[in-house]
Every structure is written in C-alpha cells, then in structure tokens.
Amino acid sequence: MQKLLIVEDEWIIRKSLEKIDWQSIGVDEIISAENGRDGIEKARVKRPQVILADINMPFVDGIEMAQEILTFLNAQVIFLTGYNEFDYAKAALKMRAFDYILKPVQKEVLLPQVKAAFEWVEEENTARAVEKEFAAKKFMQMALFEEQADVSMFEKLSLPASFFIYFTDTKELGLPNEATMRLKEDHYFGFLTETDYQQIDQTQLDGLLKEKKRVGLLKAYEYGEDKFIENLYDQYLAFLRLRFLSTGFFEGMPEKCQTEPKELLDYEEKVIAAIRKKDISNVQSLVQELRQHLLQSSTSFTALKMLAEKLFFVINAQILPDKEIELQRYFELEQCQEIEDLLAYIFDLIEQWIKQEEKDREEQTLIGQAIQYIDEHFSDESISLQQVAEHIHVSYPYLSNLFKTEVNKNYTEYLLECRIQAAQELLLSTNDSITEIALSTGFSNSNYFSSCFKKFCGKSPKQYRETR
C-alpha cells in the first residue's frame, strides 16, 4: 500500500496538495501534517514510503523533521520551498533528499517525481529484503553446513548446556518460544531449550505434521559437543531425505534415512566433497554424471534449486568474490523459474569454479617458480623484477601483483628478506668481514647493508654477530 505524507504549515497550500490526483500514480493513502513535529508523529504511526514536505516550518523545520524520521523509517523525502537559496538546497542534498522543488509547484512536475520516489523505495525495500535473506542464509550455511565452520560461532546465541535443534518444512508448529530461521523455500531451523522441549506435546505435534503432510526432525545436543557441525549437517541430510519418504515428527535420525538411496542428494554430497578437496577432474566427471542422471530421470524444481543453492554457498566460500558480485550471483539464482534455468546456473557456477581453481593453480605454480629463481639468484646485485618475470614468461606488472596477492609482500620486500636471512646465517657461521658478507648477499656496499640489516633485525651486523 503506497502512502504519501504531506507536511505543510500553510493551510491553503496543504489543501491544494491534497487535492492533486495522487491515485493516478498509484497512491492509496494521503496523510497530512501541519508542521514538522506533527509530521514526525504521523510518520511514526502511518509509516509512509514518500514524504512531501515544506522546509521552512515552525517548531521543527522540514530538514530537522526528515532527519528524525529517517532514523526509524525507510522513506524518500521531496522538499518544497519558496526560498531559492543555496543553503537550503545544500542541506537537503546532504541528507540525501530525493528531490528539491521550488514553489509554486506544478502538478505536471510533482506527480512524476513522487511516482519515481515510490518506485525507488519499492526497489530499495526489495533489494534490502533479498540481501537480508541472503545474509541470514549465508550465516546459517557457514554455521551449519560448512566443515570449516567453528562451533564458537554459536556463542552469540547464548545456548544453554543442553539444547535441541530441529528442522521442519513448515514454520507453523506452535513450539514454545519458537525461534525459527528460514533456510530455503520451505526449510526451517531452530533451537529449543530443555524447558521448551518438556512443554512439547509430541503426540499432538506428530499428528499435526502428518495431517499437513509435513515432517519435522529434532535432535538433542550438549553445548560444545565434539563434531557438532558435522553431526548437524548429517541431521540436515536426514531431514531432506525424510521430506521424500515420510510425514510426522521424528526424534533423532531414522534408520531408513541412512540407507534410503537418493541419487540427487548422493550426487550433492559427492560434488561438494570434491569441490572442498579442490579435485577438478572429479568435479568434471560428476558434472557429466549429473547431466546423464537428469536426462534419464525426472527431477523436481525444488530439489534442483536446493542443490543449486548449496553449491552456490560452498563455491562462494572458496572463491571469495566481493560482496557485490556474490549478491548478484544470488539474485541470479533467485530469478531462476524453470528447471532449464537452474541447470544452466549450476553448470555455469561449476565452470566458474573450475576456471578460478585452474587460475589459482597456475598462479601458485608461477609464484613458486619466481620464488625459486629469487632464492637461487638473490646474491646477484643486478637481479630485478623484470629479470624474474622474463624467466617465468610473464609481464613484470603481473608478477608484481602476484607477489602482493600470493606472498602478501612485494618483490622488493621478499628479495630483501632473502638477503638479510642469508646474511644472518653468514654472520653466525663464518668469520667473513661485514663487507664480504654484504657483497656476497647482493648488497652494493657495506653501509647500505648495515642500514638495511638494522632496520630488519633491530641490531647492527656487528651486534648480531656478538649473539653467537
């Protein structure tokens, strides 16, 4: 429902604004306020998406009012004023007003701007909702379903010594102190304390789930239990299998969940294990296996989307794109409406992972070759980044960036470190002079060597030799 708040202290202007044909642009409700103070209260109660406000008003001016409203409400503000002064415009722009329009206002100008403001809010709310859901899912995926997740991630939840976790395919269970998180389209996860668990009427819950043709799986845990993450993932797989096999309430993992073959779930486990091991050839063969399986059998859209989403989180946890790219990929997944779309998404996702993994391996090989060359030639005073790059057949800017990303230091720092470490060994194991050691480790003269050595070690070469 689109709500427009008009805040104007002049009665005649306020009434003329109210009479504009707002319905023509989809506005459902007009809310009026006669000053800034009144506007804040109306906004708090009515929650409008767009605010049309005069700037110059008694008690609380338009800018102060908008600043207060935007602390508790996601809305767009369009300011109206008869004062064509830069200070007003500057203040409005500073607080990111949607627009700034001078009086007298023509409805031909105002209507398109208000419509655009509503569209902006709707798009922003949609994006925020998807991003919030994505963030929640990502957290739960990392916390529950990733082998590298740490049990300490649960400390923020202030769990008691004994607690229960549950998975269900319906949110409306009527559990005490129900705190359920939506994992997927119809997958929910939650915690129960022991006290909460005692309040459950298990027979009634079982009957309710069977009546709705739904399933729930509950398991008891001790806080800090060994292999908690792995066990939790096993419970989730059991829940997925139960959804295909049974309805009702289950405590622990039914035996049939451990033995019942589910080809798509088995494939999911195999491909994810291969991805985590960075086994490219196995992943490639599993992709072909999936193609053949899907050609020979019918797979539901929901089951395939579960697989796509799981792969998304596992792969993105490895290749670590920036947040904007990651969120864009999630949007692409959410927009898939047909099985063909999901298949294309899954194969493209895996192909991206393979390309990134091959690139990483190539870069690791290249940086290894570069480091080996430097380790063997650091004593050569004339060695340069260009020389190393030519040796491994890459450009020197590429090699420079590779050092920063793979070694976490630049070429010069690494070369200096090699030379100083070699000098340290010579100072402790030989009686060579400091000048001889400087020249033999690639330094042009002893003074420069001594200066670098002291910066690196905190001691002069002479002081360092005395520690032997």
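- Taking every heavy atom of both residues into account, Ile420 and Cys457 meet most closely at CG2-SG, 3.8 Å.
- The closest side-chain heavy-atom distance from Leu439 to Asn445 is not below 4.5 Å.
- Listed here is the closest heavy atom pair of Ile69 and Ala43: CD1-CB, 3.7 Å.
- The CD1 atom of Ile374 sits 5.5 Å away from the OH atom of Tyr411 when rounded to the nearest 0.5 Å.
- Residues Ile346 and Phe312 form no side-chain contact, since every pair of their non-hydrogen atoms from C-beta on lies 4.5 Å or further apart.
- When all heavy atoms of Ala117 and Ile78 are compared, the pair lying nearest together is CB-CD1, 4.2 Å.
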(request) May I have the step-by-step check of side chain to side chain contact (heavy atoms under 4.5 Å, CB included) for Gln288 and Gln284, ending in yes or no? (result) CA-CA 7 Å; Gln288 295 304 317; Gln284 289 172 324; over 6 Å; no
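- Interatomic distance, Ser400 OG to Gln386 CD, rounded to the nearest 0.5 Å: 11.5 Å.
- Using a distance-only test at 3.5 Å, with no hydrogens or angles considered, no donor-acceptor pair links the side chain of Gln49 to the main chain of Ala75.
- Asp375 and Tyr414 are linked by a side-chain donor-acceptor pair at a separation below 3.5 angstrom, with hydrogens and angles left out of the test.
- No option in Ile51, Val50, Leu52 other than Ile51 meets the side-chain contact (heavy atoms from CB on, under 4.5 Å) test with Leu5.
- More than 12 non-hydrogen atoms from other residues, nucleotides or ligands lie less than 6.0 angstrom from CZ of Phe347.
- Side chain of Glu413 to main chain of Asn410: a donor-acceptor pair is present (N/O by atom type, distance under 3.5 Å, no hydrogens or angles).
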(request) Take Lys459 and Glu466, measure what salt bridge (charged side-chain N to carboxylate O under 4.0 Å, His left out) needs, and give me the verdict at the end. (result) CA-CA 10 Å; Lys459 296 178 180 179; Glu466 289 171 353; over 6 Å; no
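- The pair Arg44-Glu68 counts as a salt bridge, with a side-chain nitrogen and a carboxylate oxygen less than 4.0 angstrom apart.
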(request) Apply the test salt bridge (charged side-chain N to carboxylate O under 4.0 Å, His left out) to residues Glu351 and Lys355: give CA-CA distance (whole Å), side-chain angles for both, the deciding distance (0.1 Å), then the verdict. (result) CA-CA 6 Å; Glu351 185 179 344; Lys355 286 181 179 178; 3.4 Å; yes
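- Counting heavy atoms from C-beta on, the side chains of Asp348 and Trp353 never come closer than 4.5 Å.
- A 4.5 Å side-chain heavy-atom check between Ile392 and Tyr373 finds every atom pair outside the cut-off.
- Counting only distance, with no hydrogens or angles, the side chain of Gln463 and the backbone of Ser460 share a donor-acceptor pair below 3.5 Å.
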(request) Take Glu376 and Gln372, measure what side-chain hydrogen bond (donor to acceptor under 3.5 Å, both in side chains) needs, and give me the verdict at the end. (result) CA-CA 6 Å; Glu376 293 172 355; Gln372 181 179 354; 3.3 Å; yes
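- When all heavy atoms are compared, the tightest approach of Leu349 to Leu311 is CD2-C, 3.8 Å.
- Counting only heavy atoms from C-beta outward, the side chains of Leu366 and Gln369 approach each other to under 4.5 Å.
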(request) Assess whether side chain to side chain contact (heavy atoms under 4.5 Å, CB included) is satisfied between Phe453 and Ile434, documenting all intermediate values. (result) CA-CA 11 Å; Phe453 192 96; Ile434 290 173; over 6 Å; no
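- Shown here is Gln387, whose CD atom has more than 12 heavy atoms of other residues, nucleotides or ligands within 6.0 Å.
- Side-chain N or O atoms of Asp169 include one that pairs as donor or acceptor with a backbone N or O of Val215 at under 3.5 Å.
- Separation of atoms NZ (Lys115) and CD (Gln2) is listed at 9.5 Å; rounding is to 0.5 Å.
- Atom OG1 in Thr441 sits 12.0 Å away from atom CG in Asp380 (nearest 0.5 Å).
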(message) side chain to side chain contact (heavy atoms under 4.5 Å, CB included), that's the test. Do Ile275 and Ile315 meet it? Break it down for me.
(response) CA-CA 7 Å; Ile275 288 170; Ile315 287 174; 3.9 Å; yes
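- With hydrogens and angles left out, the side-chain atoms of Glu251 and Tyr197 include a donor and acceptor closer than 3.5 Å.
- Minimum heavy-atom separation, Ala370 to Leu399: CB-CD1, 3.9 Å.
- Contact of the Leu333 side chain with the Leu342 side chain is registered, since non-hydrogen atoms from C-beta on lie closer than 4.5 Å.
- In this structure, CE in Met65 is found 14.5 Å from CZ in Phe59, a value given to the nearest 0.5 Å.
- Within the 4.5 Å cutoff, the side chain of Phe449 has no heavy atoms near those of the Thr435 side chain.
- Of the possible polar contacts, none joining the Gln335 side chain to the Glu332 backbone as a donor-acceptor pair under 3.5 Å is found.
- What you find for Ser446 and Ala438 is that their closest heavy atoms are CA-CB, 4.0 Å.
- In terms of modelled atom types and a separation under 3.5 Å, the side chain of Asp54 and the main chain of Met57 share no donor-acceptor contact.
- Proximity of a side-chain donor or acceptor of Arg465 to a complementary backbone N or O of Thr430 within less than 3.5 Å is detected.
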(request) Determine, step by step, whether Glu381 and Arg419 satisfy the salt bridge (charged side-chain N to carboxylate O under 4.0 Å, His left out) criterion, reporting the C-alpha distance in whole Å, the side-chain angles of both residues, the deciding distance to 0.1 Å, and the verdict. (result) CA-CA 10 Å; Glu381 182 187 335; Arg419 288 172 167 171; over 6 Å; no
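- Formation of a donor-acceptor pair under 3.5 Å by the Thr405 side chain with backbone atoms of Asn401 is found in this model.
- Using modelled atom types, one finds no donor on one side chain facing an acceptor on the other under 3.5 Å when comparing Gln421 with Glu425.
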(request) Starting from the C-alpha separation in whole Å, work towards a yes-or-no answer on side chain to side chain contact (heavy atoms under 4.5 Å, CB included) for Lys455 and Ser451. (result) CA-CA 6 Å; Lys455 285 181 181 179; Ser451 174; 4.2 Å; yes
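- The shortest distance between side-chain heavy atoms of Leu402 and Tyr398 falls below 4.5 Å.
- Side-chain atoms of Asp341 come within 3.5 Å of backbone N or O of Glu338 as a donor-acceptor pair.
- Note that the NE2 atom of His377 and the SG atom of Cys418 stand 12.5 Å from one another [nearest 0.5 Å].
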